[in-house]
**Student:** 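A single structure is presented below for examination.
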Amino acid sequence: MKRYLTVIALIFIGLSVKAQEGEYHVRIHGQENKGIVLDAPVSTVDSIYYSNGKLKARTTNNLYSFDFTEVDNLTFPFIPTGSGDIVYITYNGSSVDVVNPYPSTQVIITASEGKVSITSLSLANITYSLSGNSSAGRFAIESTTTPTVVLNGVSLTNPTGKAMDLTCDAGIILEIADGTVNSLSDGSESDKKAALMCNSDLLVLGNGTLNVTSYVKHPIKVKGICTINSGNFIITSDVEDVNGLSADSTLVINGGSFDITMNGDISKGIKCDDELTINGGDITIIAAGSTILESVNNQNVPSYCSAIKCDNGINISGGTFNITLPTTNHGGKGISCDGTMNISGGDFTITTNGAGAAYTVSGNTKDSYTSACLRSDGDMSITGGTFTLSSTGAGGKGINVGTSSLYSNLTIGTANGNNEDINLNVSTSGERITVTGGGWGGGDYANPKAIRVIGTLTVNSGNVTVNCTQSQEGGECLESKTIVIINGGNINAYSKNDDVINAANNITINGGTIYAYSEGNDGIDSNGNMFLNGGFVVSNGSRSPEEGFDCDFNQFKITGGTHIGTGGGTSTPTSSVCTQPSIRINTMPEYAIQILDASGNVICTYLCPAFSGSGGGWPGPGGGSSSMVMLFTDPQVQTGQTYTVKYHGTISGGTEWNGYYTGNVTYSGGDTATVTLNSMYSQVNAGSSGGGW
């Protein structure tokens, strides 16, 4: 022990004046880790002296006496104003300066070679301020109460383990001090699970910057509930099978910015085992790693590198998302969950560029994996937000809902909702993947769908724009393996070589405004029944045998709405169940059609599109007829009435929407035909004798 008490008087002379933003203190430290036995501002200390084996300190209000053999040393730390209850920890390479205002029996601090360990036994609301840097540093704390750890410009790298290890029974508050830059990293020799590990609940505050880099395992791992209200996170890892921000329990992000780059195979940018809730924040993630086939029960199971992954459900009400899966990422997901996904707000730009692949599950069993921008095993609901979703890799999906064993549903919008609440733009351009080959179109393929749902796909409201531009079949815009129901919204969808809207069992249109255009297949195709009950639809299919409305030979029921379907043919409405009549007009591509009632009132003015593709045909691509079929139905069309059909004329004036004209329209020239509707389904030739299907 240094016992040069004769210099104490001189020290007091130099320290007795308060600094402008703080004050020097006198601290007497006890032997054998007893900590600080006295802490008092210099201005309150009258004297310190030795008497009869005792070290005595007289302050303004008290006289303290300590057995001289139990005193280790005296220090004179500078304490900022108003922060006498803060523990200051300053790293300086392999050494650490600690200012601890608490008794050693309540806050035990061990500091050695850049590593700090703290045990807090009972005191609540203790704040620890960390600053400085160490290339062999570590901060660890165990507490029965809730402390606050302030990152105040600290940089720690622990080559052999965690840079920060937090264990607090009542949770911990991590504050990233405003205006500071902080860094945490594990090292190549680490045998631990994270660079920053929290073994309990964690609340993150502050607007400073935290850089976290991992070389062995996760950058940030929280075993309890993690809530992030603010902060600027820069997270990087090149390691395989790690998570940038990982929570074993619930993860809630209310704000902050996240710049996350994950280069390792099957790694995740943000990973949550329980519920994930995102209410705000600015999230940028690059997930560059690829897929690995893992053996589970003697079967190959793909594991993906995804930007955001939750083993349960995801709820998003706000935030900005910029997510990129580059070409190195094969089969990864932008935002993915095993449970339900509910999105009520936010701005999403998600791009997946990597190709999917076919693989052997076991024996002769084949399967495939593909990328997706949004993916949920459970139901998905989108009731708000702006989305730009793009998938360019082979087999890629924009939105993918459900599995072969979970017939999960997708709902877009709310009943009678404002269409401007949702702006959903989805595009795919990758080609299909051959899983198993087969002659005459009998192979099994992983197709690049823009919006694919195993269960029911329902559109209630919103602006939905979809483009599928692949050169092969398989690129459908909206597809359900069961039912498609459209109650409202504005849908504008284009497919170069496949159906625009397809359902395995049923398509029901009750409302909304829909434009569906396919260059190489059907506009709207149900493999089961089709019900047109309302809405306004223009559906363009390709040349024969493709159709504007196709439901094979199943029930085709029309009860309301304005619908125009063009193609090489059309399914025939089922007259026995229809309550609104329809007219089949046999015409030619690019012919201008105008329909007038017996009084000369214009019911419809429409310019038929050109055929851009060759048509699908059966069993493979083909079709060659140049004639066009236009199926038209409108509430103004009534049975028992005679209508005039003008064709091959010229349209001028008015307002045009995808070939449909309204307003002050002038129709000139051309020829005319008449048709009397004696049943719910009638035909008229307007430049063509028919043909097609």
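Index from 1, following the sequence.
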**Student:** Please tell me whether Q636 and D597 have a donor and an acceptor in their side chains that are separated by less than 3.5 angstrom.
**Tutor:** no
**Student:** Scan side-chain atoms only and decide if N529 and N554 contain a donor-acceptor pair under the 3.5 Å cut-off.
**Tutor:** no
**Student:** For residues Y661 and G653, report the shortest heavy-atom separation together with the two atoms involved.
**Tutor:** CD2-O, 3.7 Å
**Student:** Hey, what do you get for CD (E519) to OG (S542), rounding to the nearest 0.5 Å?
**Tutor:** 8.0 Å
**Student:** Where does the angle between the aromatic ring planes of Y591 and H648 fall among parallel (under 30°), tilted (30 to 60°) and perpendicular (over 60°)?
**Tutor:** parallel
**Student:** Please test V466 against N492 for side chain to side chain contact (heavy atoms under 4.5 Å, CB included), starting from the C-alpha separation and ending with a verdict.
**Tutor:** CA-CA 6 Å; V466 184; N492 190 314; over 6 Å; no
**Student:** If you apply the rule side chain to side chain contact (heavy atoms under 4.5 Å, CB included), what do you find for C608 with E590, and how did you get there?
**Tutor:** CA-CA 5 Å; C608 293; E590 300 183 275; 5.9 Å; no
**Student:** Against M680, only a single residue in P573, P581, S582 fulfils side chain to side chain contact (heavy atoms under 4.5 Å, CB included); can you say which?
**Tutor:** P581
**Student:** So, are D498 and K496 salt-bridged, with charged N and O less than 4.0 Å apart?
**Tutor:** no
**Student:** Going through the checks in order, is the side chain to side chain contact (heavy atoms under 4.5 Å, CB included) test met by V645 and I593?
**Tutor:** CA-CA 7 Å; V645 178; I593 303 294; 4.1 Å; yes
**Student:** Find out whether Q555 and V577 are in side-chain contact, i.e. whether some heavy atom of one side chain is under 4.5 Å from a heavy atom of the other.
**Tutor:** yes
**Student:** Cut-off 3.5 Å, side chains only: do N506 and T508 have a donor facing an acceptor?
**Tutor:** yes
**Student:** Out of curiosity, N315 CG to E275 CD, how far, rounded to the nearest 0.5 Å?
**Tutor:** 5.5 Å
**Student:** Ignoring hydrogens and angles, state whether a donor on the side chain of N425 or T465 is under 3.5 Å from an acceptor on the partner side chain.
**Tutor:** no
**Student:** So, S518 and E546: side-chain donor and acceptor under 3.5 Å apart, yes or no?
**Tutor:** no
**Student:** Take F536 and Y660 through the ring pair (Phe, Tyr, Trp, His ring centres under 6.0 Å) test and state the conclusion after the steps.
**Tutor:** CA-CA 11 Å; F536 180 61; Y660 186 83; 4.8 Å; yes
**Student:** Would you call N409 and V401 a side-chain contact if the rule is heavy atoms closer than 4.5 Å?
**Tutor:** no
**Student:** Applying side-chain contact (heavy atoms from CB on, under 4.5 Å), can you list everything that pairs with T327, at least two apart in sequence or on another chain?
**Tutor:** N353
**Student:** From I412 CD1 over to I422 CD1, what is the distance, rounded to the nearest 0.5 angstrom?
**Tutor:** 7.0 Å
**Student:** Identify the heavy atoms of A516 and I524 that sit nearest to each other, and give their distance.
**Tutor:** CB-CG1, 4.2 Å
**Student:** What's the separation between atom OG1 in T559 and atom CD in Q580, rounded to the nearest 0.5 Å?
**Tutor:** 7.0 Å
**Student:** Check A450 against C468 and note the closest heavy-atom contact, atom names and distance.
**Tutor:** CB-SG, 3.7 Å
**Student:** Assess the residue pair Y606 and V538 against the criterion (side chain to side chain contact (heavy atoms under 4.5 Å, CB included)); give the C-alpha distance rounded to whole Å, side-chain angles, the decisive distance to 0.1 Å, and a yes or no.
**Tutor:** CA-CA 10 Å; Y606 181 71; V538 173; 3.6 Å; yes
**Student:** Only counting residues at least two apart or in another chain, list the ones meeting ring pair (Phe, Tyr, Trp, His ring centres under 6.0 Å) with F348.
**Tutor:** F321, F387
**Student:** Quick one: do the T482 and S480 side chains pair a donor with an acceptor below 3.5 Å?
**Tutor:** yes
**Student:** Does a sphere of radius 6.0 Å around CG in N664 hold more than 12 heavy atoms from other residues, nucleotides or ligands, not counting ones at 6.0 Å or beyond?
**Tutor:** no
**Student:** What's the verdict on side chain to side chain donor-acceptor pair (under 3.5 Å) for D282 and T320, showing C-alpha distance, side-chain angles and the deciding distance?
**Tutor:** CA-CA 5 Å; D282 188 348; T320 300; 5.0 Å; no
**Student:** Is it the case that the side chains of N419 and S461 hold a donor-acceptor pair, with the cut-off being a distance below 3.5 Å and no angle test?
**Tutor:** no
**Student:** Just so I know, are the side chains of I651 and T605 near enough to count as touching, which here means a heavy-atom distance under 4.5 Å?
**Tutor:** yes
**Student:** Measuring from atom CG of D552 to atom OG of S526, what distance do you get when rounded to the nearest 0.5 angstrom?
**Tutor:** 7.5 Å
**Student:** Going from CD on E476 to CG on N502, what distance comes out if it is rounded to the nearest 0.5 angstrom?
**Tutor:** 4.0 Å
